[in-house]
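Heavy-atom basis, side chains included; hydrogens, waters and symmetry copies ignored. Please read these numbers as outputs of a predicted model, since none were measured by experiment. For this chain, numbers begin at 1 and follow the sequence in order.
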Amino acid sequence: MKLGGYVIHGNNRDTLGACLESLRAVCDEVVALDSRSTDGSVELARSMGARSVSHSWRGYGAARAAAMEALGPCDYVFYLDSDERLAPEALPVIRAWRDSHPAEPAYRLPCRDWAEINGHRFRYRTHWRARLVRRDAAIWRPEMIVHEALPRMRAPRLHAPIDHRFATSLEGRAEKEERYALLWAVRAFAEGRRLKPASLQRPAHLIRDCLMHGALWRGGLDALRLAWAVSNYHSAKYRHLRVLRQGGFPELRKAFDEGRYGEVFALVREERTRAP
């Protein structure tokens with residue numbers, strides 16, 4: 001059983017070390033895919049035994065595909081974001097999983113989103129993501145520009161927690177959610193996704209995170225403010241999709257249709273700069 005691992009990073013030196021430590025602890029080989037960082041992240045990755053590969057940013061799908069191409073032969077792939085790390089209790093669970101002769105297409109791990117708002121650190125929510133993926137099922141394509149893009153597949157749960165540095169400021173998180181919403185809408189438009197009522201999405205997800213996921217009990221008012229910023233993603237993506245279906249964002253649509261995914265990200269940044 002051989003396990004390959006990778007991380008995609010830019011200027012993430014402050015969190016990359018812990019991420020690489022986690023990958024090195026459970027993987028036979030680790031690739032650090034660098035998207036033109038300038039803060040010494042490449043040197044850090046190399047010093048920690050990862051193989052650094054340079055890659056011009058064209059979205060998450062292209063980056064994940066490039067990381068897979070850079071990895072040597074392996075049975076499964078484990079990937080983390082550059083601001084994630086395995087919790088200490090996850091290490092023996094993954095090692096035992098490796099020895100159990102796994103065969104499922106993927107396994108979902110609990111991602112614990114941690115917030116650090118105004119000196120107040122709390123767990124915002126926990127959600128399950130497919131992060132251990134069988135090599136033949138770990139297929140990303142360039143048009144998969146958004147963050148989590150693997151198709152649905154059978155994926156049992158594996159209780160090996162991942163700790164994610166999710167939010168360090170309300171403003172920064174809100175801006176990121178807006179950008180992700182527009183990227184999601186561009187791809188959803190190309191795929192012919194159906195519209196949902198945008199006005200219902202924000203309150204529904206606000207209630208889900210605050211009450212059902214328990215953020216309010218752990219983080220109080222800071223959690224409520226963060227949930228308000230995060231829940232905007234779910235209404236904004238359908239607002240943007242409606243605009244696209246009405247002929248809006250023509251440059252974005254054209255760039256995506258022509259496979260100019262790096263330009264899609266640049267145009268999204270420009271749109272957010274122009275937004276009031």
Spell out, as yes or no, whether a donor-acceptor pair under 3.5 Å connects the side chain of [X] to the backbone of [Y].
X      : Y      : result
Ser235 : Ser199 : no
Arg95  : Ala25  : yes
Asp39  : Asn12  : yes
Thr15  : Ser82  : yes
Glu29  : Gly72  : yes

Can you tell me how far the [atom1] atom of [X] sits from the [atom2] atom of [Y], to the nearest 0.5 Å?
X      : Y      : atom1 : atom2 : result
Lys176 : Ser169 : NZ    : OG    : 9.5 Å
Glu271 : Glu251 : CD    : CD    : 8.0 Å
Leu241 : Lys237 : CG    : NZ    : 10.0 Å
His55  : Arg36  : NE2   : CZ    : 9.5 Å
Leu252 : Phe265 : CG    : CZ    : 10.5 Å
Leu221 : His120 : CG    : NE2   : 10.0 Å

Quick one: are [X] and [Y] in side-chain contact, heavy atoms under 4.5 Å?
X      : Y      : result
Arg134 : Glu104 : no
Phe249 : Phe189 : no
Cys111 : Arg131 : yes

Side chains of Arg157 and His159: donor-acceptor distance under 3.5 Å anywhere?
no
Is it the case that Arg165 and Thr168 place a side-chain donor and acceptor less than 3.5 Å from each other?
no
same_hphob_cluster([X], [Y]) at 4.5 Å side-chain heavy-atom cutoff:
X      : Y      : answer
Tyr6   : Ile145 : yes
Met153 : Val146 : yes
Trp184 : Val230 : no
Val186 : Leu195 : yes
Val243 : Tyr233 : yes

Heavy-atom closest pair, residues [X] and [Y]:
X      : Y      : result
Arg112 : Thr126 : CG-OG1, 3.7 Å
Ala190 : Phe256 : CB-CE2, 3.3 Å
Ala63  : Leu33  : O-CD2, 3.1 Å
Cys74  : Gly4   : CB-N, 3.7 Å
Ala137 : Pro105 : CB-O, 4.0 Å
Cys210 : Ala227 : SG-CB, 3.5 Å

When you look at Asn232 and Arg239, which way does the side-chain contact (heavy atoms from CB on, under 4.5 Å) test go after all the steps?
CA-CA 10 Å; Asn232 183 53; Arg239 291 199 306 270; 3.5 Å; yes
Does a sphere of radius 6.0 Å around [atom1] in [X] hold more than 12 heavy atoms from other residues, nucleotides or ligands, not counting ones at 6.0 Å or beyond?
X      : atom1 : answer
Arg260 : CZ    : yes
Glu258 : CD    : yes
Arg253 : CZ    : yes

Output yes when Lys2 and Asp75 qualify as a salt bridge under the 4.0 Å nitrogen-oxygen rule, no when they do not.
no
Measure the acute angle between the ring planes of Tyr60 and Tyr180, then classify it against the limits of 30° and 60° as parallel, tilted or perpendicular.
perpendicular
Share the residues that join Met48 in a hydrophobic cluster, the rule being Ile, Leu, Val, Met, Phe, Trp or Tyr side chains under 4.5 Å apart at the heavy-atom level.
Met1, Leu3, Val7, Leu16, Leu20, Leu23, Val26, Val30, Leu44, Tyr76, Phe78, Leu80, Leu86, Leu91, Val93, Ile94, Trp97, Tyr107, Leu109, Leu132, Leu158, Ile162
Decide yes or no on side-chain hydrogen bond (donor to acceptor under 3.5 Å, both in side chains) for His164 and Asp81, but give the supporting numbers first.
CA-CA 8 Å; His164 175 209; Asp81 292 342; 5.3 Å; no
Give the C-alpha distance, both sets of side-chain angles, the deciding distance and a yes or no for salt bridge (charged side-chain N to carboxylate O under 4.0 Å, His left out) between Arg225 and Asp222.
CA-CA 5 Å; Arg225 295 185 187 103; Asp222 285 330; 3.2 Å; yes
side-chain contact (heavy atoms from CB on, under 4.5 Å) assessment of Trp114 paired with Phe122:
CA-CA 6 Å; Trp114 289 90; Phe122 58 93; 5.6 Å; no
Show your working on side-chain contact (heavy atoms from CB on, under 4.5 Å) between Ile8 and Trp57 and close with a plain yes or no.
CA-CA 10 Å; Ile8 300 164; Trp57 186 250; 3.8 Å; yes
With respect to Asp113, which candidate in Arg173, Arg125, Arg121, Arg129 satisfies the salt bridge (charged side-chain N to carboxylate O under 4.0 Å, His left out) definition?
Arg125
Please report the C-alpha distance between Asp28 and Arg98 in whole Å, then the side-chain angles of each, then the deciding distance to 0.1 Å, and finally whether the side-chain contact (heavy atoms from CB on, under 4.5 Å) criterion is met.
CA-CA 11 Å; Asp28 299 294; Arg98 290 191 61 168; 2.7 Å; yes
